[in-house]
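Just so we're clear, the structure is a prediction, and the values are computed from it rather than from any experiment. Throughout, a chain's letter reflects where its sequence line sits, starting with A, and its residues are numbered from 1.
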There are 2 protein chains.
Amino acid sequence: MGLYGDGMPTAPDVSSASAGDVLALIRSGSVETRADIARLTGLARSTVSQRVDALIAHGFVDEDNADGGSTGGRPPRRLQLRTGEHAVAGVDLGASHCRVALLDLTGATLAQREDPLSIADGPQAVLGHVEKTLHALLKEADHAPQSLQAIGVGVPGPVEFTTGRPVDPPIMPGWHQYPIPEFFADRFGVRALVDNDVNVMALAEQRLAFPETRYLLYIKVGTGIGCGIIADGRLHRGAQGSAGDIGHIRVADDTEPCRCGNSGCLEAVAGGAALARRLAELGLDAASGSDVVRLVKSGNRDAVRMVREAGRAVGEVLAGLVNFFNPDTVVVGGALAAVHDQLLAGVREAVYRRSHPLATHVLRIEPSRTGENAAAIGAGILAIEHALSPDQVDRALAAAAG
Amino acid sequence: MGLYGDGMPTAPDVSSASAGDVLALIRSGSVETRADIARLTGLARSTVSQRVDALIAHGFVDEDNADGGSTGGRPPRRLQLRTGEHAVAGVDLGASHCRVALLDLTGATLAQREDPLSIADGPQAVLGHVEKTLHALLKEADHAPQSLQAIGVGVPGPVEFTTGRPVDPPIMPGWHQYPIPEFFADRFGVRALVDNDVNVMALAEQRLAFPETRYLLYIKVGTGIGCGIIADGRLHRGAQGSAGDIGHIRVADDTEPCRCGNSGCLEAVAGGAALARRLAELGLDAASGSDVVRLVKSGNRDAVRMVREAGRAVGEVLAGLVNFFNPDTVVVGGALAAVHDQLLAGVREAVYRRSHPLATHVLRIEPSRTGENAAAIGAGILAIEHALSPDQVDRALAAAAG
DNA sequence: TCCATCTGTTCGGCGATCGACCTAAGTCAC
DNA sequence: GTGACTTAGGTCGATCGCCGAACAGATGGA
């Protein structure tokens, strides 16, 4: 079973399966041999072979000739996603860093690199850097540029997903309406999918760590606070693509002023920047969320208390979202999740106190299991799922045939 | 253009369209003639005719022979959903009422009836009443029982949609895990779809009043407060089917005790029952939400002020949900929406103060446009969309052919 | 060694779809 | 009016894709 094991967003459709659908079945791990496919889809074995042959001919599938696991008859030949030539890129653009990862089609990392880079330098500079880095990674992994199938990009601001353009991103001056997909189409000739960074982190978390869940919230507690939403196995982006913007939801009973002009915003109460500022006011050496983490790890009482209270504030808001959205899994990530003992205790405490029993009955609240390149991998997953979508695969086969 | 005019949840898929898909196109209003279908799907005109002929033969489609609207050539024959023999039922079970509506396949009401009936009488008594009522309505509308295609049911509590069974419904004693679909399958031989009443009201509102929107929240402010969620044109039910349960989200700065054991719950602050109780404490004659409405309409100052404040409380919570979910339309309905001038003013005030500009930029907050039988119609729509789903239609044609 | 069992391939048959051709039924220019 | 033009829809042979039966391959077990 591969990375996308049993828990594809939805079990691929089964009736009158096209070649692309067959590939989805193989990729999902629900079938391993031609005979499996015939049994599951109801297609004739001859038809299945035809589909599989086409997939093999175009390099989508590999046949593992050896080892069958016979059950008293001719041993089957195992099929699996071919990971040879193809690759995708996942790009994680942060406020002050840029991470680029080259992944094979199973999601495994072939090569990756992180550099400090200010997003405020603007699209030309930042994307130019990505372009150079990606070429370097392709060389490092010994892949031809043509092997690149698609590119996923996570950016720290709201994006109109269908066009891949940032819309009024607060911390990305110069990026408003910049056509990121066109930039990559011109350079690499492939489709680029652009999404909010928290969204792609949620995607990575669901696909890699919780493949069996279909309703997941990923809360990122870093400098600010955001939320990625997986509904029915797919990313929920909302009407304008700004869904999950929970940093300015008001926390009950708090009047902390926020840079947005309101007061009591979750971000102003529990965001890493706010905690650092308040610790600095106490005379401690803290300028950012990572300083807060350092202080907590060193056992500083004020920092521990503050993070715990931040967890409660997050939990207070989250309790409402759990009632509203009814997820089965909540994942807490971001820089502050590095001290998740303290943070999660506060979150759990508040959620279980305020949410309905029906909603919390099977609810899991867990720390993020994906590492620091979650965003890059999530962006890569976006690219993989585009490149291997049944539609896309069928188009590729039809184009090659015609 | 029919009830489901331009704004079906998603434009029906177009590639290699089956007969069911063709029907979906006709129903959505995106095509009106055979030639339209051929143009839109890319199918050969002969194939289209074959599909349409089958649909006509089985009574799904009618051909409007007259009037074409020629554009210089032979005038086309218009196609439309046949509303002749078929019908569906929509059942709205409330705490103390039962409404049954008989609808044709466009969603038009053929006959309907409402009776006072306590849901606490239990499933046998209540569903027995529905059965009798439905037979009476079929007779009234001069329809044979076999013309019934499906039944939709809205109940005032959480439901596991796939099985149609209520789960721990607080105000429905005796209904926990009761197999409602089986009851109707035994009596009428058709599929019954059971959902929460607020969900079906949201569905009715979206399909009838806001067909072009895909992300809608329907807030019902009645005795309690609940929310129906339309995401990407479909009902969002969450992991356990309890999504939208916003009555016990905490309102900032309020410590009103709630029957759930917590304090400051939205329902305890702004629910009709809570308002009535507080008005009664002021010496006014108020026992329920309808009394509150009466007092507001008669111009009672305390009642007006209280409803306005309730609107603010709803808006306070809604502001957070808008940031999180990013809908393009919010509809406020329920008994208290009868005085929506006061209620909506409070809601809008709070939402526009607390929500992000990006999320509120194109956000509409409007009173419900559907009347008091919204739930019954919404339940009926659930039934219609099941009966006319491409899968279901294809199955029906295949069964008749075989 | 031979049979049962399971996998995968080959190939003829069949049904669905296509598309060329034809008829129907209107508009428009003159 | 009349005929050219345009668009809608039907008819029918050709074609393509899928099915399924027969066959070949490859193993375990009697």
Side-chain angles (χ1 to χ4, degrees), chain A residues 13-22 25-26 31-58 61-80 390 393-395 397-398 400-402, chain B residues 13-22 25-26 30-58 61-80 390 393-395 397-402:
Chain A
D13 191 17
V14 130
S15 59
S16 91
S18 75
D21 298 324
V22 169
L25 284 172
I26 294 171
V31 300
E32 290 199 306
T33 69
R34 290 168 166 81
D36 283 348
I37 298 169
R39 271 188 294 267
L40 194 60
T41 62
L43 259 54
R45 289 210 305 278
S46 50
T47 310
V48 170
S49 269
Q50 190 172 294
R51 298 274 150 81
V52 171
D53 289 347
L55 289 171
I56 292 175
H58 290 85
V61 165
D62 257 349
E63 211 168 14
D64 179 353
N65 218 327
D67 166 73
S70 158
T71 55
R74 167 176 175 173
R77 274 178 277 175
R78 297 210 184 290
L79 304 170
Q80 47 185 227
V393 170
D394 289 341
R395 246 191 297 276
L397 295 193
Chain B
D13 189 18
V14 132
S15 60
S16 89
S18 74
D21 298 323
V22 169
L25 284 172
I26 294 172
S30 34
V31 299
E32 288 198 308
T33 69
R34 288 170 168 81
D36 283 347
I37 298 170
R39 271 188 293 267
L40 195 60
T41 62
L43 261 53
R45 289 210 307 275
S46 50
T47 309
V48 170
S49 270
Q50 189 172 293
R51 297 274 150 82
V52 171
D53 289 347
L55 288 171
I56 291 175
H58 290 85
V61 166
D62 257 348
E63 211 168 15
D64 179 354
N65 219 327
D67 166 73
S70 158
T71 55
R74 169 176 171 173
R77 276 177 277 175
R78 297 210 182 290
L79 303 170
Q80 49 185 225
V393 169
D394 288 340
R395 245 191 296 278
L397 296 193

Original post:
Base, sugar-phosphate, or nothing for B/Ser46, non-hydrogen atoms under 4.0 angstrom?
Top reply: base
Subject >> Minimum side-chain heavy-atom gap A/Ile37-A/Leu79 below 4.5 Å >> reply: yes
Subject >> Below 4.0 Å: OP1/OP2 of D/dA8 and any side-chain N or O of B/Thr33 >> reply: no
Subject >> Nearest listed nucleotide, side chain of B/Pro75, among C/dA25, D/dT27, D/dA8 >> reply: C/dA25
Original post:
Is there a donor and acceptor pair closer than 3.5 Å between the side chain of B/Arg34 and the base of D/dG9?
Top reply: no
Original post:
Do the non-hydrogen side-chain atoms of B/Leu55 and B/Val393 ever get within less than 4.5 Å of each other?
Top reply: yes
**OP:** May I have the distance from B/Ile56 (atom CD1) to D/dG10 (atom P), rounded to whole angstrom?
**Re:** 8 Å
**OP:** Could you tell me which non-hydrogen atom of B/Gln80 sits nearest to which non-hydrogen atom of B/Ile26, and how far apart they are?
**Re:** CA-CG2, 3.9 Å
Original post:
So which one's nearest nucleotide on DNA chain C is more toward 5', A/Gly73 or A/Gln50?
Top reply: A/Gly73
Original post:
Taking CG from B/Leu397 and P from C/dA16, how many angstroms apart are they, rounded to a whole number?
Top reply: 12 Å
**OP:** Round to a whole Å and report the spacing from CZ of A/Arg78 to P of C/dT7.
**Re:** 11 Å
Original post:
Counting distance only, does the side-chain N/O of B/Asp394 pair as donor-acceptor with the main-chain N or O of B/Gly20 below 3.5 Å?
Top reply: yes
Original post:
Is there a donor and acceptor pair, one atom on the side chain of B/Arg74 and one on the base of C/dA25, closer than 3.5 Å?
Top reply: no
Original post:
Taking the side chain of A/Pro76 as heavy atoms from C-beta outward, which of C/dT9, C/dT7, D/dG9 is closest to it?
Top reply: C/dT7
Original post:
Expressed in angstrom and rounded to an integer, what is the separation of B/Arg39 atom CZ from D/dT7 atom C1'?
Top reply: 9 Å
Subject >> Comparing A/Gly72 and A/Ala44 on DNA chain D - which has the more 5′ nearest nucleotide >> reply: A/Ala44
Original post:
Just how far, in rounded Å, is C1' of D/dA8 from CZ of B/Arg77?
Top reply: 8 Å
Original post:
Where the side chain of B/Arg45 is concerned, which of C/dT7, D/dC19, C/dC21 is the nearest nucleotide?
Top reply: C/dC21
Original post:
Roughly how many Å is it from CG in B/Asp53 to P in C/dT17, rounded to a whole number?
Top reply: 13 Å
Subject >> Spacing between B/Asp36 atom CG and D/dA8 atom P, to the nearest angstrom >> reply: 8 Å
Subject >> Integer-rounded Å distance: C/dT7 P and A/Asp64 CG >> reply: 16 Å
Subject >> Side chains of A/Arg34 and A/Leu43 in contact at under 4.5 Å (non-hydrogen atoms) >> reply: no
